Amino acid sequence: MARYLQDKSIDELQTLLSDQGAYQQFLLSIDPVRTQNNVRDELKKETLQLASSAQEKLHELKKKTQLLQCYSSGSLLNKLQECMNKTDEESEMLHEQLLGKEIDVVTFTKKYKQLRINYHKKSLTYLAAKTSVVG
């Protein structure tokens with residue numbers, strides 16, 4: 001710092017001591033300070049870019065994690081169980097319609113048979129999947 005001050009006159013030195021703005025301007029004109037400020041600005045810029053990139057990657061990972069959870073074996077087994085329950089409920093509703101004479105036996109038989117086939121296909125798939133996941 002002394003080498004930058006030795007070329008200054010006494011009036012310039014007094015101005016630097018008394019005028020904060022002049023001191024700041026002088027300080028910012030010194031090469032090592034400019035270099036340090038440039039390095040700081042560059043590091044700040046790179047840090048913000050890295051943070052932005054990391055944030056994007058984190059968001060992508062969260063989306064992939066959610067997607068994987070949707071297709072996890074446990075989740076798929078639960079969805080299959082829900083489908084089985086829905087098909088079973090539809091069968092029961094159809095049975096109630098028959099008992100309430102809302103549909104004829106031929107229609108009931110046709111629809112009921114298809115619902116039960118679907119239910120048992122899902123049930124067998126569920127058991128096979130559960131066995132392969134556990135075993």
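Remember, predicted model here, so these are calculated numbers, not experimental data.
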[atom1] of [X] to [atom2] of [Y]: how many Å apart, nearest 0.5 Å?
X: Gln14; Y: Lys8; atom1: CD; atom2: NZ; result: 14.0 Å
X: Ser53; Y: Leu58; atom1: OG; atom2: CG; result: 11.0 Å
X: Asp88; Y: Ser123; atom1: CG; atom2: OG; result: 9.5 Å
X: Leu17; Y: Tyr23; atom1: CG; atom2: OH; result: 9.0 Å
X: Lys113; Y: Asn118; atom1: NZ; atom2: CG; result: 12.0 Å
X: Lys121; Y: Cys83; atom1: NZ; atom2: SG; result: 14.0 Å

### Task
Could you tell me which residues satisfy side chain to side chain contact (heavy atoms under 4.5 Å, CB included) with Glu90, sequence neighbours excluded, listed by chain and number?
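With neighbours one apart ignored, the set is Lys86, Leu115.
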
Are the side chains of [Y] and [X] in contact, using a 4.5 Å heavy-atom criterion?
X: Glu12; Y: Ser9; answer: yes
X: Lys122; Y: Thr87; answer: yes
X: Leu16; Y: Leu5; answer: yes

Query raised in the report: What are the two closest non-hydrogen atoms of Ala22 and Thr15, and how far apart are they?
Result: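 The answer is CB-CG2, 4.0 Å.
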
_I need the minimum non-hydrogen distance between Leu76 and Cys70, along with the two atoms involved._
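The answer is CD2-O, 4.0 Å.
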
Give a yes or no on whether [X] atom [atom1] has more than 12 heavy-atom contacts from other residues, nucleotides or ligands under 6.0 Å away.
X: His120; atom1: NE2; answer: yes
X: Glu102; atom1: CD; answer: yes
X: Ile10; atom1: CD1; answer: no
X: Glu46; atom1: CD; answer: yes

Item to check | Test item: Ser52 side-chain N/O and Gln49 main-chain N/O as donor-acceptor pair under 3.5 Å | outcome: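 Flag not set: sc Ser52 to bb Gln49 has no pair under 3.5 Å.
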
Practice prompt. Indicate yes or no for a side-chain donor-acceptor contact from Ser132 to the backbone of Ala129 under 3.5 Å, with no hydrogens or angles considered.
Written response: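 Answer holds: yes.
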
Following the transitive rule for hydrophobic clusters with a side-chain heavy-atom cut-off under 4.5 Å over Ile, Leu, Val, Met, Phe, Trp and Tyr, establish whether Ile117 and Leu94 coincide in one cluster.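 The answer is no; the residues belong to distinct hydrophobic clusters.
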
- Spell out, yes or no, whether Leu28 and Tyr4 are grouped together once hydrophobic residues are joined by side-chain heavy atoms under 4.5 Å, including indirect joins.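 Yes.
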
Evaluate the side chain to side chain donor-acceptor pair (under 3.5 Å) criterion for residues Arg40 and Asn37: first the C-alpha distance (whole Å), next the side-chain angles of each, then the deciding distance (0.1 Å), finally the verdict. CA-CA 5 Å; Arg40 182 200 63 214; Asn37 285 341; 3.2 Å; yes

For Ser91 and Arg116, what are the C-alpha separation, side-chain angles and deciding distance, and is it a side chain to side chain donor-acceptor pair (under 3.5 Å)?
CA-CA 7 Å; Ser91 297; Arg116 296 320 293 170; 3.2 Å; yes

Which pairs of donor and acceptor atoms, one on a side chain in residues 103-112, lie under 3.5 Å apart (sequence neighbours left out)?
from   : atom 1 : to     : atom 2 : distance (Å)
Asp104 : OD1    : Val106 : N      : 3.0
Asp104 : OD1    : Thr107 : N      : 2.8
Asp104 : OD1    : Thr107 : OG1    : 3.2
Asp104 : OD2    : Thr107 : OG1    : 3.0
Thr109 : OG1    : Val105 : O      : 2.7

Residue pair Gln81 / Asn85, side-chain donor-acceptor N/O under 3.5 Å: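 Asn85 and Gln81 do have a side-chain donor-acceptor pair below 3.5 Å.
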
